[in-house]
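What you are looking at is a predicted structure, and each value in this text was computed from that prediction instead of being measured.
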Amino acid sequence: MTAYVEEMFSVRQRPWHGIGSVLDEAPSVEDAIKMAKLNWRAELVPIKAVWKTEDVSQEVEVPNRFAICRMREPDFIDGNHIKNVFSAVVTEKYGLLQNSEAFNFFQDILDEFPSVKLDTAGCLKDGEVTWILAD
């Protein structure tokens with residue numbers, strides 16, 4: 001499973017697989033997203049069908065079908081904005097939820113219950129799976 005870990009952090013001890021940063025203190029949700037390198041955006045990108053032979057190449061947009069793509073961080077844009085394509089095809093009705101939106105609810109819990117602390121956060125499979133965990 002360690003090959004699936006892209007980036008993560010944990011508080012006070014390194015996970016069994018030895019991957020990720022170890023923090024001395026539990027971070028805020030905003031800092032956790034940065035420490036786990038989850039501060040990237042996902043976007044819906046139109047899908048195209050490509051047909052090629054030795055003599056002909058044709059590209060046609062597939063109507064109402066999109067790939068969910070992880071976009072490159074602005075600091076690393078080199079003309080190629082898509083970092084990777086997730087293994088899902090969706091329609092225009094699919095609602096994307098960014099990592100920051102998905103995890104911000106945790107901050108209210110941390111504020112209301114001081115004994116609850118973030119313990120780990122990260123992503124697997126180039127960002128297809130993201131998580132944040134409190135203890």
Side-chain angles (χ1 to χ4, degrees):
M1 175 160 148
T2 59
Y4 291 138
V5 175
E6 178 184 348
E7 187 61 52
M8 67 170 292
F9 78 81
S10 58
V11 177
R12 291 180 292 287
Q13 63 182 4
R14 189 166 302 282
W16 63 269
H17 47 64
I19 297 174
S21 303
V22 178
L23 307 180
D24 292 331
E25 304 223 358
S28 66
V29 170
E30 183 179 349
D31 289 340
I33 290 169
K34 290 176 189 169
M35 291 298 302
K37 296 191 177 154
L38 299 175
N39 53 342
W40 44 265
R41 293 193 54 77
E43 291 186 16
L44 298 181
V45 176
I47 293 178
K48 294 183 178 182
V50 178
W51 181 66
K52 289 184 180 182
T53 67
E54 286 183 21
D55 304 324
V56 180
S57 178
Q58 185 178 7
E59 198 173 278
V60 179
E61 192 167 304
V62 178
N64 194 30
R65 294 294 181 266
F66 300 86
I68 303 170
C69 296
R70 177 179 174 178
M71 308 310 284
R72 290 190 183 280
E73 294 82 356
D75 296 346
F76 303 113
I77 291 178
D78 57 2
N80 181 6
H81 300 284
I82 297 173
K83 181 170 182 174
N84 63 302
V85 179
F86 298 147
S87 57
V89 175
V90 298
T91 67
E92 63 191 9
K93 294 178 183 179
Y94 185 83
L96 281 177
L97 185 63
Q98 302 301 332
N99 293 328
S100 60
E101 297 167 330
F103 299 145
N104 273 339
F105 79 93
F106 255 114
Q107 193 59 53
D108 291 339
I109 295 169
L110 300 177
D111 292 342
E112 188 170 339
F113 303 99
S115 64
V116 176
K117 304 285 185 204
L118 293 182
D119 187 60
T120 185
C123 63
L124 307 173
K125 298 183 177 182
D126 293 323
E128 281 199 43
V129 178
T130 61
W131 83 91
I132 192 165
L133 174 70
D135 187 16

Quick check for you: to the nearest 0.5 Å, what is the distance between Ser28 atom OG and Met35 atom CE? 11.0 Å
Report the residues that fulfil side-chain hydrogen bond (donor to acceptor under 3.5 Å, both in side chains) with Glu128, sequence neighbours left out, ordered by chain and then residue number. Ser87
Interatomic distance, CD@Glu6 vs NZ@Lys37, rounded to 0.5 Å, equals 9.0 Å
What verdict does the side-chain contact (heavy atoms from CB on, under 4.5 Å) test give for Thr91 and Arg65, after you've listed the backbone C-alpha separation in whole Å, the side-chain angles of each residue and the deciding distance to 0.1 Å? CA-CA 5 Å; Thr91 67; Arg65 294 294 181 266; 3.1 Å; yes
Minimal non-hydrogen separation, Ile82 against Met71, with atom names: CG1-CE, 3.9 Å
Does the pair Gln58 and Val50 meet the rule for a side-chain contact (heavy atoms from CB on, under 4.5 Å), with working shown? CA-CA 6 Å; Gln58 185 178 7; Val50 178; over 6 Å; no
Within this structure, what is the NZ-CH2 distance for the pair Lys83 and Trp40, rounded to the nearest 0.5 Å? 9.0 Å
Pairwise distance CZ(Phe66) to CD(Glu43) - rounded to 0.5 angstrom: 12.0 Å
Verify side-chain contact (heavy atoms from CB on, under 4.5 Å) between Leu44 and Val90, making sure each step is shown before the conclusion. CA-CA 8 Å; Leu44 298 181; Val90 298; 3.7 Å; yes
Under 3.5 Å, is there a donor-acceptor pair between the side chain of Arg70 and the main chain of Asp126? yes
side-chain contact (heavy atoms from CB on, under 4.5 Å) assessment of Leu96 paired with Tyr94: CA-CA 6 Å; Leu96 281 177; Tyr94 185 83; 3.6 Å; yes
Please find the pair of heavy atoms, one from Phe106 and one from Ala134, that lie closest to each other, and give the distance. CE2-CB, 3.4 Å
Under 3.5 Å, side-chain donor or acceptor atoms of residues 108-119 against the rest of the protein: list the pairs with distances, not counting sequence neighbours.
| residue | atom | partner | partner atom | Å |
| --- | --- | --- | --- | --- |
| Asp111 | OD1 | Gln107 | NE2 | 3.0 |
| Lys117 | NZ | Pro114 | O | 3.1 |

Can you name the side-chain hydrogen bond (donor to acceptor under 3.5 Å, both in side chains) partners of Lys48, sequence neighbours left out? Glu59
Are Tyr4 and Trp131 connected, step by step, through hydrophobic side chains (Ile, Leu, Val, Met, Phe, Trp, Tyr) whose heavy atoms are closer than 4.5 Å? yes
Separation between CD (Gln98) and CZ (Phe103), nearest 0.5 Å, reads 11.5 Å
Hey, could you give me the OG1/CD1 distance between Thr120 and Ile132, rounded to the nearest 0.5 Å? 9.0 Å
Check: Asn104 side chain, Ser100 main-chain N or O, donor-acceptor pair, under 3.5 Å: yes
In sequence, state the C-alpha distance, the side-chain angles, and the governing distance for Glu7 and Lys125, and then conclude on salt bridge (Lys or Arg N to Asp or Glu O under 4.0 Å). CA-CA 10 Å; Glu7 187 61 52; Lys125 298 183 177 182; over 6 Å; no
Cluster overlap Ile47 with Trp51, hydrophobic side-chain contacts below 4.5 Å: no
Counting heavy atoms not belonging to Glu25, are there more than 12 under 6.0 Å from its CD? no
Result for side chain to side chain contact (heavy atoms under 4.5 Å, CB included) between Cys123 and one of Val129, Thr130, Asn99 points to Thr130
